[in-house]
J.: 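Before anything else, here's the structure in question.
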Amino acid sequence: MGVAIRAADESDRDLVVRLLDTSFQDDPVSRWIFTGDEYFRATHHKLMAAFTDIVLADGRIDLTEDGTACALWLSVPAEEHAQGEGEDDGPAQMRASIDPANERIELVARLTEGSHPAGRAHEYLWMIGVSPDRQGEGLGSALIGSVLDRCDREGLPAYLEASNARSRGLYERLGFTLLDRPLDLPDGPQMWPMWREPRN
């Protein structure tokens, strides 16, 4: 039986934010950014809301019909990146809008921005969230697989950063490989930049 997937829109914003917030409750990178349970509960959802708003504006959010899983995608053109003079400083703005006192928000954004490959158009899987009570059922694979099928047809690579070992294993099964070396967060976990060439 297939998984029914649709494109999310503004009316789904709160659902997507809640879904990402609950999906990343035990994520090592999220827990490193927002230390302590009380601070995490009070602030983590603001980061998920920022991500959701960016992708609703500039990308695509795929959502399972039952609202239990979502994937946030951005189409990155070949000429993307290399911040120029006068451009917005996204990492600093994100920190300012979520919690100006938390430098880790900006640090993770700068690290991922700095490792993001340039020079080739690709699909970027920014985040994927599956409701904790539905993990392990293949929903994440279905969400990612539908886009990877299109990437294969169109000859497009795909990119992501895995934030935990379990997700890294899923991505490896889907054909992603480690790009360069892991990102080491200071006194914290690793993230794994991963790339997938299109398949014929």
Side-chain angles (χ1 to χ4, degrees), residues 6 8-74 88-113 115 124-141 143-144 160-171 182-194:
R6 65 177 177 84
D9 60 28
E10 288 289 343
S11 68
D12 299 301
R13 178 189 182 273
D14 291 346
L15 168 63
V16 170
V17 172
R18 280 194 309 273
L19 183 54
L20 292 173
D21 188 34
T22 58
S23 299
F24 283 80
Q25 291 291 309
D26 297 320
D27 181 76
V29 175
S30 286
R31 285 289 175 175
W32 178 82
I33 296 171
F34 303 101
T35 55
D37 289 343
E38 188 175 327
Y39 179 51
F40 186 96
R41 279 192 301 273
T43 319
H44 181 257
H45 66 94
K46 296 178 183 178
L47 180 63
M48 301 299 107
F51 291 164
T52 300
D53 291 340
I54 289 168
V55 179
L56 279 172
D58 297 325
R60 186 184 68 261
I61 298 177
D62 290 336
L63 183 66
T64 56
E65 279 290 356
D66 63 4
T68 59
C70 64
L72 282 63
W73 292 94
L74 292 172
D88 292 339
D89 185 350
Q93 288 181 343
M94 188 171 292
R95 173 183 174 179
S97 69
I98 296 164
D99 181 359
N102 187 340
E103 64 185 19
R104 291 181 174 186
I105 296 169
E106 183 175 345
L107 176 62
V108 170
R110 289 200 188 285
L111 282 172
T112 55
E113 191 176 74
S115 70
Y124 175 32
L125 177 60
W126 193 342
M127 298 193 81
I128 185 162
V130 179
S131 181
D133 61 341
R134 299 293 305 276
Q135 291 176 6
E137 296 181 19
L139 298 177
S141 295
L143 280 168
I144 299 170
L160 56 81
E161 298 105 5
S163 62
N164 62 65
R166 180 178 177 180
S167 65
R168 179 184 173 186
L170 166 65
Y171 302 140
L183 301 176
D184 293 307
L185 300 177
D187 299 317
Q190 288 185 319
M191 297 178 74
W192 295 274
M194 303 183 78

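Throughout, residue positions are numbered sequentially from 1 according to the sequence presented. It should be emphasised that the depicted structure is a prediction, and the values quoted were computed from it without experimental measurement.
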J.: What are the two closest non-hydrogen atoms of Leu20 and Cys70, and how far apart are they?
T.: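 Answer, listing the atom of Leu20 first, then Cys70: CD2-SG, 3.8 Å.
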J.: Would Asn164 and Val29 count as a side-chain contact (heavy atoms from CB on, under 4.5 Å) if you check the C-alpha gap in whole Å, the side-chain angles of each, and the deciding distance to 0.1 Å?
T.: CA-CA 8 Å; Asn164 62 65; Val29 175; over 6 Å; no
J.: Decide yes or no for Arg110 and Asp89: does some side-chain heavy atom of the first lie under 4.5 Å from some side-chain heavy atom of the second?
T.: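 Touching, per the 4.5 Å side-chain cut-off.
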J.: Output the distance between atom CG (Leu111) and atom CG (Leu183), rounded to the nearest 0.5 Å.
T.: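 If we round to the nearest 0.5 Å, Leu111:CG and Leu183:CG are 6.0 Å apart.
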J.: Drop me the distance from Phe51's CZ to Met94's CE, to the nearest 0.5 angstrom.
T.: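 Here the interatomic distance stands at 5.0 Å.
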J.: Are the side chain of Asp53 and the backbone N or O of Ala50 linked by a donor-acceptor pair below 3.5 Å?
T.: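 Not at all, since once roles are kept as given, no pair shorter than 3.5 Å links the two residues.
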J.: Apply side-chain contact (heavy atoms from CB on, under 4.5 Å) to Asp37 and Arg31, showing your working.
T.: CA-CA 9 Å; Asp37 289 343; Arg31 285 289 175 175; 2.9 Å; yes
J.: Is any side-chain heavy atom of Phe24 closer than 4.5 Å to a side-chain heavy atom of His45?
T.: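 Side-chain contact under 4.5 Å: no.
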J.: Are the side chains of Pro132 and Gln25 in contact, using a 4.5 Å heavy-atom criterion?
T.: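 Answer no - side chains too far apart.
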J.: For the pair Asp26 and Arg166, find out whether any cationic side-chain nitrogen is under 4.0 Å from an anionic carboxylate oxygen.
T.: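 Result for this pair is no, no salt bridge flagged.
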J.: Just by distance, do the side chain of Thr64 and the backbone of Ala69 share a donor-acceptor pair under 3.5 Å?
T.: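 Indeed, once roles are kept as given, a pair shorter than 3.5 Å links the two residues.
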J.: Of all heavy-atom pairs between Arg13 and Ala49, which one has the smallest distance, and what is that distance?
T.: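 Shortest heavy-atom contact: NH2-CB, 3.4 Å.
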J.: For side-chain contact (heavy atoms from CB on, under 4.5 Å), just list the numbers for Ile105 and Phe34, CA-CA rounded to whole Å, side-chain angles, deciding distance to a tenth of an Å, and then say yes or no.
T.: CA-CA 9 Å; Ile105 296 169; Phe34 303 101; 4.1 Å; yes
J.: Testing the basics here: between Met194 and Ala162, what is the closest heavy-atom pair and its distance to 0.1 Å?
T.: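 For Met194 and Ala162, the tightest heavy-atom pair comes out as SD-CB, 4.0 Å.
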J.: For Gln135 and Ser23, which heavy atoms make the closest approach, and how far apart are they?
T.: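 Heavy atoms of Gln135 and Ser23 come nearest at NE2-O, 4.0 Å.
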J.: Between Lys46 and Asp21 (salt bridge meaning N to carboxylate O under 4.0 Å), is one present in this structure?
T.: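 Here Lys46 does not pair with Asp21 in a salt bridge, since their nearest N and O are not under 4.0 Å apart.
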J.: Would you name the heavy atoms of Tyr39 and Ile33 that are closest together and state the gap between them?
T.: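 That closest heavy-atom pairing would be CE2-O, 4.1 Å.
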J.: Under the rule for side chain to side chain donor-acceptor pair (under 3.5 Å), what residues qualify as partners of Glu137, not counting sequence neighbours?
T.: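 Once residues adjacent in sequence are excluded, the partners of Glu137 under the side chain to side chain donor-acceptor pair (under 3.5 Å) criterion are Arg134.
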J.: Can you measure from CG (Leu143) to CD1 (Ile128) and round to the nearest 0.5 angstrom?
T.: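 Rounded to the nearest 0.5 Å, the CG-CD1 separation comes out at 5.0 Å.
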J.: Nearest 0.5 Å please: distance from the CE atom of Met127 over to the CG atom of Leu160.
T.: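 With rounding to 0.5 Å, CE (Met127) is 12.0 Å from CG (Leu160).
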J.: Can a donor-acceptor pair be found between the side chains of Ser163 and Asp27 at a distance below 3.5 Å?
T.: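 There is such a pair between these side chains.
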J.: Would you mind reporting whether Pro186 and Trp32 have side-chain heavy atoms less than 4.5 Å apart?
T.: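 Trp32 reaches Pro186 side chain to side chain.
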J.: How long is the span from the CE atom in Met191 to the CZ atom in Arg168, to the nearest 0.5 Å?
T.: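 So the CE of Met191 and the CZ of Arg168 are separated by 13.0 Å.
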J.: Please determine whether the number of non-hydrogen atoms from other residues, nucleotides or ligands lying under 6.0 Å from atom CD of Glu38 exceeds 12.
T.: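 No, CD of Glu38 has 12 or fewer neighbouring heavy atoms, counting only those of other groups under 6.0 Å.
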J.: Which pair of non-hydrogen atoms, one from Trp73 and one from Ile144, has the smallest distance, and what is that distance?
T.: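 Heavy atoms only, the tightest pair is CZ2-CA, 4.1 Å.
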J.: From Asp99 CG over to His44 NE2, what is the distance, rounded to the nearest 0.5 angstrom?
T.: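 It is 13.5 Å, given to the nearest 0.5 Å.
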J.: Do the side chains of Thr68 and Val130 get nearer than 4.5 Å, heavy atoms only?
T.: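 They are not in contact (no side-chain heavy atoms under 4.5 Å apart), so the answer is no.
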J.: Where do Leu63 and Leu19 land on the side-chain contact (heavy atoms from CB on, under 4.5 Å) test, with the steps shown first?
T.: CA-CA 10 Å; Leu63 183 66; Leu19 183 54; 4.2 Å; yes
